[in-house]
Number of protein chains: 2
Amino acid sequence: MSEDLLTIREMCDAYDVTPRTLRFYESKELLFPIREGQKRLFTKRDRARLKLILRGKRFGFSLEEIRQLLDLYDMGDQQATQLRRTFNVAQQRLKDMEEQRDELNEAIDDLREQLKWGEKIVADFENEQKAAQ
Amino acid sequence: MSEDLLTIREMCDAYDVTPRTLRFYESKELLFPIREGQKRLFTKRDRARLKLILRGKRFGFSLEEIRQLLDLYDMGDQQATQLRRTFNVAQQRLKDMEEQRDELNEAIDDLREQLKWGEKIVADFENEQKAAQ
DNA sequence: CGTCCCTCTTACGTTAACGTAAAGCAGTAC
DNA sequence: GTACTGCTTTACGTTAACGTAAGAGGGACG
């Protein structure tokens, strides 16, 4: 309880990010550390938000999308409507990700097919060279 | 045979790219259209290369990687070593793509899990919101 | 007192793959 | 002749998420 506030370095060590990243997130209004003189001190709230930010990034949300989602939480007056909107955004993201995965799978299959031929060509060629000796 | 050469617009229409893109590819030495006065005329070779470029992009190769592959291809089948190197690059790319797909699948599973608990996630959000304040 | 060490602000740099605007020539239609 | 189209070159702009360097303030240590 005594250490409720973290310095920028402690935050970096705790969440494996750089100082630049934290300052950048602050500039983008994703975090709101308090000040002690010039120095930033990150609160429990900042830590919770950073966790959500990093999770959001794993899901492929952009920082701007994440900010909007965090803002929605914070506003929280018409909870139901806004949570539904949050929900929809997340579902859309899921769809996008699945689409992306499907495209990737197609490309993988195609490339595999190419490599099947490629291997044959390379092998043929190497055999020819052997034979030519 | 009479229409062996395409203008830039014909190329654009045929392959669904912009003039800027074709000029850009030329500047990056991916294409080598001939000139009739000032105007570019794209040969059969350019069309073949463009097809490979677009396919390469689908596979997630960067333009620079594509250029190197095309160069190796052009150098001819002089040396099996080069074919082998081309082959290896492609195989590496396949590995990368499969890795990327796996990560994507993990994220998809995670996100799906979050969404699955419809009511629960709402509670989570509200809790995190509290914490975030 | 000097020298680290951490932090701060400011602000330009990075990367890929083009987009877009400005200004001009060439040929063709009217 | 002039308007219109299509092509050209040159060159700055765009986007995301920070990286990185410069210069300075302040506290702690020895």
Side-chain angles (χ1 to χ4, degrees), chain A residues 3 5-43 46 49-70 89 93 96-97 100 103 107, chain B residues 3 5-43 46 49-70 89 93 96-97 100 103 107:
Chain A
E3 271 310 305
L5 300 173
L6 298 189
T7 68
I8 198 167
R9 177 112 329 255
E10 288 166 341
M11 279 291 273
C12 291
D13 293 346
Y15 295 96
D16 193 31
V17 293
T18 69
R20 178 66 175 99
T21 297
L22 294 178
R23 295 191 194 106
F24 180 71
Y25 288 170
E26 184 186 3
S27 79
K28 292 289 177 181
E29 307 195 272
L30 289 159
L31 298 178
F32 306 96
I34 59 177
R35 296 304 178 98
E36 187 192 68
Q38 277 285 59
K39 299 184 179 177
R40 290 168 176 81
L41 290 177
F42 294 83
T43 67
D46 290 313
R49 291 175 73 96
L50 183 53
K51 272 185 215 166
L52 289 175
I53 292 167
L54 297 178
R55 196 205 290 177
K57 288 198 60 179
R58 283 203 54 234
F59 292 160
F61 288 99
S62 72
L63 289 185
E64 175 55 22
E65 287 174 318
I66 291 171
R67 193 188 59 76
Q68 288 175 23
L69 292 177
L70 287 175
V89 170
R93 186 85 264 274
D96 289 349
M97 286 167 68
Q100 194 183 333
E103 280 175 29
Chain B
E3 270 311 306
L5 301 174
L6 298 189
T7 69
I8 199 166
R9 179 115 324 264
E10 287 165 341
M11 279 292 274
C12 291
D13 293 346
Y15 295 95
D16 194 32
V17 293
T18 68
R20 178 67 175 97
T21 297
L22 294 179
R23 296 191 192 107
F24 180 70
Y25 288 170
E26 184 188 2
S27 78
K28 293 288 177 182
E29 306 195 272
L30 289 160
L31 298 178
F32 307 94
I34 59 177
R35 296 304 178 98
E36 188 191 71
Q38 277 288 59
K39 299 184 179 176
R40 289 168 176 81
L41 289 178
F42 294 84
T43 67
D46 290 314
R49 291 175 72 94
L50 182 54
K51 273 184 212 163
L52 288 175
I53 293 166
L54 296 178
R55 197 204 293 176
K57 290 196 57 177
R58 282 202 53 235
F59 292 161
F61 289 99
S62 71
L63 289 185
E64 176 55 20
E65 286 173 320
I66 291 171
R67 193 188 59 75
Q68 289 176 21
L69 292 178
L70 286 176
V89 170
R93 184 86 265 276
D96 291 349
M97 286 167 68
Q100 192 184 334
E103 280 174 31

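Throughout, protein chains are lettered first and strands after them, A, B, ... in sequence-line order, and every chain is numbered starting at 1. Computed from a predicted model, the values in this text were never measured in an experiment.
Within residues 14-24 of chain A, the residues that have a heavy atom under 4.0 Å from DNA chain D are, in order of number, A:Thr18, A:Arg20, A:Thr21, A:Phe24.
Here CD1 of A:Ile8 is found 11.0 Å from NZ of A:Lys39. Values are rounded to the nearest 0.5 Å. To the nearest 0.5 Å, atoms CG (B:Leu52) and CZ (B:Phe61) are separated by 11.0 Å.
Considering B:Leu6, B:Thr21, B:Val17 as possible partners of B:Met11, the one that fulfils the side-chain contact (heavy atoms from CB on, under 4.5 Å) test is B:Leu6.
Counting heavy atoms from C-beta outward, B:Arg9 and B:Asp13 have side chains that approach closer than 4.5 Å. A:Arg40 places none of its side-chain heavy atoms less than 4.5 Å from the side chain of A:Leu22. Side-chain atoms of A:Asp16 and A:Leu54, non-hydrogen and from C-beta on, never get closer than 4.5 Å to each other.
Inter-axis angle, ends of the helix from C:dC1-D:dG30 to C:dC30-D:dG1, five pairs per end, rounded to 10 degrees: 30°.
Where DNA chain C meets chain B (any atom under 4.0 Å from a heavy atom), the bounding nucleotides read 5' to 3' are C:dA17 to C:dT20.
Between B:Glu65 and B:Gly60, the closest heavy-atom pair is OE1-O, 4.4 Å. Pairing each heavy atom of B:Cys12 with each of B:Pro19, the nearest pair is SG-N, 3.3 Å.
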Please enumerate all protein N or O atoms sitting under 3.5 Å from an N or O of nucleotides 3-6 of chain D, with distances to 0.1 Å.
none

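Judged by closest nucleotide on DNA chain C, A:Arg40 is the one of B:Lys57 and A:Arg40 placed further toward the 5' end.
A donor-acceptor pair under 3.5 Å is formed between the side chain of A:Asp46 and the backbone N or O of A:Thr43.
Every residue two or more places apart in sequence or in another chain that forms a side-chain contact (heavy atoms from CB on, under 4.5 Å) with B:Leu63 is listed here: B:Phe24, B:Tyr25, B:Leu30, B:Ile53, B:Lys57, B:Ile66. Residues meeting the side-chain contact (heavy atoms from CB on, under 4.5 Å) test with B:Glu64, sequence neighbours left out: B:Ser62, B:Arg67, B:Gln68.
For the pair B:Arg35 and B:Glu26, the salt-bridge criterion is met [side-chain N within less than 4.0 Å of a carboxylate O].
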